[in-house]
Amino acid sequence: MGHIHARQDSFLGKAPKKSPLLLRMVVVVLLMACSLYISSVCLKQVGIVSVNSPGIIKIVEKHCPVPNIEPWEIPYVHYPKPKMYSRAECECSPVRYFAILSMQRSGSGWFETLLNNHTNISSNGEIFSVKIRRRNVSTIVETLDRVFNLDWLSSASKNECTAAVGFKWMLNQGVMQHPDEVVEYFRTRGVSAIFLFRRNRLRRMISVLANEYDREAKLLNGTHKSHVHSPHEVLHTPALLTTIFSILYLTESHFRQRY
């Protein structure tokens, strides 16, 4: 009996072993805490933060760094967010807005071709040549918003890294009908206006008359009659056309003044 009591006393004196289940629960709790901390750090980096209400997550827009430009240029730098696609890695690449204000037969097509030769410049042509787009101020603003938001798809559209976007706007396609609204839109949206006019007005009128003639006249050997198509014609035809259309222009002007 004495041996039995000694064994019981020695058994009761030993520290009890910890339960394996308790250790597992402690490890699980620590892992969950680490996971929550890592998740919160990642969410802050992508611009997602939680608000006070439980279970509600608010998405905060990612702010792009200010580019290294002059202070007066800042209003003309934009970060559009197209609805039709994502700008991906170019989201923080600044975009400038422009409009080429000109008149027909003034070389605006040639100038626009030069701009579109650049990889990241998109000039979308005469978008207001379609009358319904310039029907009133609302349709004009709606069209402008689509162009400058990079949602206007045309042959001149480039990629998501477009650095400048604009179009060609003839003065008789809604500009002179709504001048105050156009100026206000350009001012508030930071649109750069490029005025392009032909210095020699007589040559422009000659070009207009020649273009109108070619529009209705039949082609001669598959080519227009009032335009040059070879080095020989370049040397001889312009002088003749200038004389002919100058006479027509002066005659028409005299007729208008008289009647």
Side-chain angles (χ1 to χ4, degrees), residues 47 59-197:
I59 298 178
V60 181
E61 295 184 1
K62 180 180 179 181
H63 295 285
C64 297
V66 179
N68 187 18
I69 58 177
E70 296 293 333
W72 65 268
E73 295 183 272
I74 295 178
Y76 300 96
V77 171
H78 312 278
Y79 301 92
K81 295 183 178 180
K83 299 179 181 178
M84 304 180 65
Y85 63 92
S86 173
R87 297 192 68 203
E89 70 274 7
C90 296
E91 181 181 7
C92 286
S93 297
V95 180
R96 298 174 184 268
Y97 302 156
F98 68 88
I100 306 171
L101 302 178
S102 184
M103 300 176 67
Q104 287 82 357
R105 316 307 301 173
S106 297
S108 57
W110 168 78
F111 178 69
E112 190 176 45
T113 301
L114 294 179
L115 292 178
N116 283 324
N117 283 334
H118 194 283
T119 307
N120 294 326
I121 296 180
S122 298
S123 188
N124 295 279
E126 296 183 36
I127 60 175
F128 287 108
S129 60
V130 180
K131 292 183 179 180
I132 192 173
R133 296 173 187 163
R134 61 175 195 264
R135 181 175 53 187
N136 50 50
V137 176
S138 299
T139 56
I140 291 177
V141 171
E142 180 182 354
T143 303
L144 293 175
D145 288 342
R146 285 182 58 193
V147 173
F148 294 133
N149 200 47
L150 302 183
D151 284 321
W152 189 273
L153 299 181
S154 67
S155 58
S157 301
K158 299 296 170 61
N159 48 47
E160 62 273 9
C161 295
T162 297
V165 62
F167 60 97
K168 186 170 58 172
W169 202 351
M170 301 294 107
L171 296 183
N172 59 353
Q173 294 176 354
V175 179
M176 303 305 296
Q177 289 77 9
H178 309 282
D180 296 335
E181 292 81 358
V182 172
V183 170
E184 181 64 17
Y185 184 93
F186 282 14
R187 187 186 65 82
T188 56
R189 293 297 303 274
V191 181
S192 299
I194 303 173
F195 293 93
L196 181 64
F197 300 105

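Residue numbers start at 1 and run along the sequence shown.
Across Arg87 and Pro82, no two heavy atoms sit closer than the pair CG-CD, 3.6 Å. Among all heavy-atom pairs drawn from Leu196 and Ser102, the shortest one is O-OG, 2.6 Å. Minimum interatomic distance between Phe186 and Ala99 (heavy atoms only, all atoms of both residues): CZ-CB, 3.7 Å. Residues Val137 and His178 come closest through the heavy atom pair CG2-ND1, 3.5 Å. Residue Pro80 comes nearest to Leu150 through the heavy atom pair CG-CD1, 3.7 Å, listed as atom of the first residue, atom of the second, then distance. Nearest approach of Leu101 to Phe197, heavy atoms of both residues: O-CZ, 4.0 Å.
At least one donor-acceptor pair under 3.5 Å links the side chain of Asp151 to the backbone N or O of Lys83. Not a single donor-acceptor pair under 3.5 Å links the side chain of Ser123 to the backbone N or O of Glu112.
For Val147, the side chain to side chain contact (heavy atoms under 4.5 Å, CB included) partners are Asn124, Ile127, Trp152, Val165, Phe167, not counting sequence neighbours.
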Throw together a table of side-chain donor-acceptor distances under 3.5 angstrom for residues 69-76, partners on residues two or more places apart or in other chains.
from, atom 1, to, atom 2, distance (Å)
Glu73, OE1, Glu70, N, 3.2
Glu73, OE2, Arg96, NH2, 3.3

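Taking OG1 of Thr139 as the start and CZ of Phe128 as the end, the distance is 7.5 Å to the nearest 0.5 Å. One finds the CG atom of Leu171 at 8.5 Å from the OG atom of Ser106 (value rounded to the nearest 0.5 Å). Note that the OG1 atom of Thr143 and the CH2 atom of Trp169 stand 9.0 Å from one another [nearest 0.5 Å]. Here the OG-CD distance, from Ser129 to Gln173, works out to 5.5 Å after rounding to the nearest 0.5 Å.
A side chain to side chain donor-acceptor pair (under 3.5 Å) check over residues 179-191, counting only residues at least two apart or in different chains, returns the pairs Asp145-Tyr185, Asp145-Arg189, Glu184-Arg187, Tyr185-Arg189. Screening residues 97-121 for ring-ring contact (aromatic ring centres under 6.0 Å, His included), with sequence neighbours left out, gives His78-Tyr97, Tyr97-Phe148. Within the structure, the disulfide (SG to SG under 2.5 Å) test picks out no pair touching residues 104-155 (sequence neighbours left out). The salt bridge (charged side-chain N to carboxylate O under 4.0 Å, His left out) analysis of residues 117-137, with sequence neighbours excluded, yields the pairs Glu126-Lys168.
Counting heavy-atom neighbours within 6.0 Å of Ile132 CD1, excluding the residue itself, gives a total of 12 or less.
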- Task: List the steps and the verdict of side chain to side chain contact (heavy atoms under 4.5 Å, CB included) for Leu115 and Ile100.
- Result: CA-CA 11 Å; Leu115 292 178; Ile100 306 171; 3.8 Å; yes
